[in-house]
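One structure is given here, and the rest of the page talks about it.
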Amino acid sequence: MISCKGQTDLELLKFDEKLSEKTTVIQESNKAVDGIYGFMSFETSKLNDYRFGDVSFTEYQVPNAYSYAKSNIYFYVENYESKKYLGFSLYLAKNDEGDKLIDYLKRKYGAPESRNAMNEDESAFFWDLKSDNAWVFLTKRIEKTKDNAKFNFTNLVIVKQGTRVENSKDENVFTILERFNLAYPKEE
(Lines give C-alpha, C1' and ligand atoms only; values in the text may rest on other atoms or scores of the structure.)
Protein backbone atom coordinates (compact mmCIF):
# COMPACT_ATOMS: atom_id res chain seq x y z
CA MET A 1 0.00 0.00 0.00
CA ILE A 2 2.93 2.39 0.65
CA SER A 3 5.40 2.92 -2.20
CA CYS A 4 9.14 3.36 -1.97
CA LYS A 5 8.51 7.14 -2.04
CA GLY A 6 6.37 6.73 1.08
CA GLN A 7 3.17 7.48 -0.83
CA THR A 8 -0.08 5.69 -0.14
CA ASP A 9 -1.52 4.20 -3.33
CA LEU A 10 -5.21 5.15 -3.27
CA GLU A 11 -5.96 2.39 -5.74
CA LEU A 12 -5.01 -0.24 -3.15
CA LEU A 13 -7.30 0.93 -0.34
CA LYS A 14 -9.95 -1.69 0.50
CA PHE A 15 -13.60 -0.93 1.17
CA ASP A 16 -14.87 -1.73 4.68
CA GLU A 17 -11.36 -1.89 6.17
CA LYS A 18 -10.23 0.53 8.85
CA LEU A 19 -8.11 3.36 7.50
CA SER A 20 -4.64 3.06 8.96
CA GLU A 21 -3.17 6.09 10.67
CA LYS A 22 0.17 5.17 9.08
CA THR A 23 -1.14 5.41 5.53
CA THR A 24 -3.45 8.40 5.79
CA VAL A 25 -3.42 11.73 7.53
CA ILE A 26 -6.13 11.11 10.12
CA GLN A 27 -6.18 13.66 12.89
CA GLU A 28 -8.94 15.35 14.84
CA SER A 29 -8.33 18.59 12.93
CA ASN A 30 -8.92 16.83 9.61
CA LYS A 31 -12.51 15.78 10.28
CA ALA A 32 -14.84 17.18 7.63
CA VAL A 33 -18.15 16.56 5.94
CA ASP A 34 -17.97 16.20 2.18
CA GLY A 35 -19.99 19.00 0.60
CA ILE A 36 -21.28 16.98 -2.34
CA TYR A 37 -22.44 13.70 -0.81
CA GLY A 38 -22.52 14.52 2.92
CA PHE A 39 -20.09 11.82 4.05
CA MET A 40 -18.16 11.92 7.29
CA SER A 41 -14.62 12.31 6.03
CA PHE A 42 -11.02 12.96 6.83
CA GLU A 43 -9.70 15.76 4.61
CA THR A 44 -6.17 16.77 3.74
CA SER A 45 -4.43 18.91 1.13
CA LYS A 46 -1.10 17.14 1.72
CA LEU A 47 -1.34 15.23 -1.53
CA ASN A 48 2.42 14.61 -1.73
CA ASP A 49 1.64 11.58 0.48
CA TYR A 50 -0.64 9.99 -2.14
CA ARG A 51 -0.72 8.53 -5.61
CA PHE A 52 -3.19 6.58 -7.75
CA GLY A 53 -1.43 3.79 -9.61
CA ASP A 54 1.48 5.48 -11.36
CA VAL A 55 0.12 9.03 -10.98
CA SER A 56 1.59 11.03 -8.11
CA PHE A 57 0.07 14.19 -6.69
CA THR A 58 1.35 17.38 -5.10
CA GLU A 59 0.08 19.95 -2.67
CA TYR A 60 -1.19 22.77 -4.85
CA GLN A 61 -3.20 25.99 -4.59
CA VAL A 62 -4.06 27.84 -7.81
CA PRO A 63 -2.40 31.28 -7.70
CA ASN A 64 -4.76 34.25 -7.35
CA ALA A 65 -7.77 31.94 -7.10
CA TYR A 66 -10.59 31.44 -4.65
CA SER A 67 -10.03 29.29 -1.55
CA TYR A 68 -11.64 26.16 -3.03
CA ALA A 69 -9.16 26.13 -5.94
CA LYS A 70 -6.72 23.72 -4.37
CA SER A 71 -5.89 20.05 -4.60
CA ASN A 72 -7.19 17.98 -1.70
CA ILE A 73 -8.77 14.66 -0.79
CA TYR A 74 -11.66 13.52 1.39
CA PHE A 75 -11.49 9.96 2.73
CA TYR A 76 -15.07 8.78 3.26
CA VAL A 77 -15.66 6.79 6.43
CA GLU A 78 -18.68 5.11 7.99
CA ASN A 79 -18.02 7.08 11.16
CA TYR A 80 -15.07 8.78 12.86
CA GLU A 81 -14.61 6.06 15.47
CA SER A 82 -14.50 2.95 13.28
CA LYS A 83 -12.78 4.74 10.36
CA LYS A 84 -14.31 2.08 8.07
CA TYR A 85 -13.33 3.10 4.54
CA LEU A 86 -16.15 3.80 2.05
CA GLY A 87 -14.24 5.60 -0.69
CA PHE A 88 -12.74 9.00 -1.44
CA SER A 89 -13.14 12.22 -3.37
CA LEU A 90 -9.95 13.65 -4.88
CA TYR A 91 -9.85 17.23 -6.16
CA LEU A 92 -6.99 18.20 -8.47
CA ALA A 93 -6.40 21.84 -9.34
CA LYS A 94 -3.10 21.23 -11.12
CA ASN A 95 -3.85 20.73 -14.83
CA ASP A 96 -1.20 18.14 -15.64
CA GLU A 97 -2.09 15.96 -12.64
CA GLY A 98 -5.74 15.85 -13.68
CA ASP A 99 -4.81 14.98 -17.26
CA LYS A 100 -2.42 12.22 -16.15
CA LEU A 101 -5.08 10.76 -13.86
CA ILE A 102 -7.68 10.66 -16.65
CA ASP A 103 -5.18 8.99 -19.00
CA TYR A 104 -4.31 6.41 -16.34
CA LEU A 105 -7.98 5.61 -15.64
CA LYS A 106 -8.66 5.11 -19.36
CA ARG A 107 -5.62 2.81 -19.72
CA LYS A 108 -6.51 0.82 -16.60
CA TYR A 109 -10.30 0.59 -16.85
CA GLY A 110 -11.00 1.20 -20.54
CA ALA A 111 -13.19 3.81 -22.13
CA PRO A 112 -15.57 5.40 -19.64
CA GLU A 113 -19.24 6.04 -20.11
CA SER A 114 -19.41 9.70 -21.16
CA ARG A 115 -22.14 11.76 -19.56
CA ASN A 116 -23.99 14.93 -20.51
CA ALA A 117 -22.40 17.81 -18.64
CA MET A 118 -24.11 20.98 -17.52
CA ASN A 119 -22.20 23.15 -19.98
CA GLU A 120 -19.46 23.06 -22.61
CA ASP A 121 -16.74 23.82 -20.02
CA GLU A 122 -17.38 20.55 -18.21
CA SER A 123 -17.05 16.84 -18.92
CA ALA A 124 -18.23 13.87 -16.87
CA PHE A 125 -17.36 10.17 -16.98
CA PHE A 126 -18.41 6.99 -15.20
CA TRP A 127 -16.86 3.53 -14.81
CA ASP A 128 -18.84 0.66 -13.26
CA LEU A 129 -16.16 -1.66 -11.83
CA LYS A 130 -18.24 -4.67 -10.89
CA SER A 131 -15.18 -6.85 -10.19
CA ASP A 132 -13.90 -4.27 -7.68
CA ASN A 133 -17.39 -3.52 -6.30
CA ALA A 134 -16.67 0.15 -7.08
CA TRP A 135 -18.25 3.08 -8.83
CA VAL A 136 -15.82 5.58 -10.36
CA PHE A 137 -17.00 9.09 -11.18
CA LEU A 138 -14.85 11.75 -12.79
CA THR A 139 -15.72 15.33 -13.63
CA LYS A 140 -13.48 17.94 -15.16
CA ARG A 141 -14.43 21.56 -15.56
CA ILE A 142 -12.82 24.84 -16.50
CA GLU A 143 -12.75 27.35 -13.66
CA LYS A 144 -11.47 30.93 -13.48
CA THR A 145 -9.18 32.69 -11.04
CA LYS A 146 -9.91 36.11 -9.57
CA ASP A 147 -8.22 37.70 -12.60
CA ASN A 148 -10.12 35.42 -15.05
CA ALA A 149 -7.22 33.10 -15.89
CA LYS A 150 -8.53 29.61 -16.69
CA PHE A 151 -7.55 26.34 -15.02
CA ASN A 152 -8.91 22.79 -15.08
CA PHE A 153 -10.46 21.39 -11.91
CA THR A 154 -10.70 17.58 -11.85
CA ASN A 155 -12.71 15.59 -9.31
CA LEU A 156 -12.38 11.81 -8.96
CA VAL A 157 -14.83 9.98 -6.68
CA ILE A 158 -14.50 6.27 -5.98
CA VAL A 159 -17.06 4.62 -3.71
CA LYS A 160 -18.26 1.17 -2.87
CA GLN A 161 -21.18 0.18 -5.11
CA GLY A 162 -24.56 0.74 -3.46
CA THR A 163 -23.34 3.54 -1.19
CA ARG A 164 -26.03 6.13 -0.55
CA VAL A 165 -25.81 9.89 -0.04
CA GLU A 166 -24.72 10.67 3.55
CA ASN A 167 -24.01 6.93 3.89
CA SER A 168 -27.69 6.46 4.65
CA LYS A 169 -29.09 2.99 5.19
CA ASP A 170 -32.56 4.24 4.16
CA GLU A 171 -33.41 2.73 0.77
CA ASN A 172 -35.43 5.85 -0.09
CA VAL A 173 -32.23 7.94 -0.13
CA PHE A 174 -30.44 8.22 -3.48
CA THR A 175 -27.37 6.12 -4.12
CA ILE A 176 -24.30 8.04 -5.23
CA LEU A 177 -24.87 6.67 -8.74
CA GLU A 178 -28.50 7.86 -8.78
CA ARG A 179 -27.40 11.32 -7.65
CA PHE A 180 -24.69 11.38 -10.37
CA ASN A 181 -27.27 10.28 -12.98
CA LEU A 182 -29.44 13.26 -12.04
CA ALA A 183 -26.57 15.72 -12.39
CA TYR A 184 -24.98 14.05 -15.43
CA PRO A 185 -27.54 12.07 -17.46
CA LYS A 186 -26.44 9.34 -19.85
CA GLU A 187 -25.68 10.52 -23.36
CA GLU A 188 -28.14 9.35 -25.99
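These figures come from a predicted structure and were not determined experimentally.
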hydrophobic_cluster_shared for [Y] and [X], side chain cutoff 4.5 Å:
X	Y	result
Val173	Phe39	yes
Phe15	Leu177	no
Val62	Leu47	no
Leu12	Tyr74	no
Tyr85	Val159	no

What's the separation between atom [atom1] in [X] and atom [atom2] in [Y], rounded to the nearest 0.5 Å?
X	Y	atom1	atom2	result
Leu90	Leu10	CG	CG	6.5 Å
Lys84	Leu19	NZ	CG	12.0 Å
Leu101	Ser56	CG	OG	11.5 Å
Glu11	Asp9	CD	CG	5.5 Å
Asp54	Phe52	CG	CZ	10.5 Å
Ser41	Ile73	OG	CD1	10.0 Å

Side-chain donor/acceptor of [X] to backbone N/O of [Y], under 3.5 Å:
X	Y	value
Ser168	Glu166	no
Asn152	Asn95	no
Trp135	Thr163	no
Thr58	Tyr60	no
Gln61	Ala69	yes
Glu178	Thr175	yes

- prompt: What's the verdict on side chain to side chain donor-acceptor pair (under 3.5 Å) for Glu78 and Asn167, showing C-alpha distance, side-chain angles and the deciding distance?
  reply: CA-CA 7 Å; Glu78 186 172 86; Asn167 193 33; 4.6 Å; no

Closest heavy-atom contact between [X] and [Y]?
X	Y	answer
Ala93	Ser71	N-OG, 2.9 Å
Phe125	Pro112	CD2-CG, 3.5 Å
Ala134	Ile158	CB-CG2, 4.3 Å
Ala124	Tyr184	CB-CD2, 3.5 Å

message: Can you tell whether the side chains of Asp170 and Arg164 come within less than 4.0 Å, N to carboxylate O?
response: no

- prompt: Could Lys130 and Asp128 be called an ion pair, given the rule that one side-chain N must be under 4.0 Å from one carboxylate O?
  reply: yes

- request: Would you please indicate if the ring centroids of Tyr50 and Phe75 are separated by under 6.0 Å?
  value: yes

- request: Verify side-chain contact (heavy atoms from CB on, under 4.5 Å) between Ile142 and Glu122, making sure each step is shown before the conclusion.
  value: CA-CA 6 Å; Ile142 296 172; Glu122 186 172 28; over 6 Å; no

message: Does Gln7 form a side-chain contact (heavy atoms from CB on, under 4.5 Å) with Asp49? I'd like the steps, not just the answer.
response: CA-CA 5 Å; Gln7 294 176 307; Asp49 296 337; 5.8 Å; no

- prompt: Can you check side-chain contact (heavy atoms from CB on, under 4.5 Å) on Lys46 and Asn72, steps first, answer last?
  reply: CA-CA 7 Å; Lys46 296 180 181 175; Asn72 64 343; over 6 Å; no

task: Determine, for Tyr66 and Lys146, whether the Lys NZ or Arg CZ falls below 6.0 Å from the six-membered ring centre while staying within 45 degrees of the axis.
output: yes

[Y] and [X], any side-chain heavy atoms less than 4.5 Å apart:
X	Y	value
Glu113	Lys186	yes
Asp121	Arg141	no
Val77	Leu86	no

message: Does atom CZ (Phe174) have a neighbourhood of more than 12 heavy atoms from anything else shown, all under 6.0 Å?
response: no

message: Tell me if the NZ atom of Lys140 is crowded by more than 12 foreign heavy atoms within 6.0 Å.
response: yes

Would you call the rings of [X] and [Y] parallel, tilted or perpendicular, taking 30° and 60° as the class edges?
X	Y	value
Tyr76	Tyr37	perpendicular
Phe153	Tyr68	perpendicular
Phe126	Phe180	tilted
Phe42	Tyr80	perpendicular

message: Taking side chain to side chain contact (heavy atoms under 4.5 Å, CB included) as the criterion, tell me which of Thr154, Val157, Leu156, Asn155 meets it with Tyr91.
response: Asn155

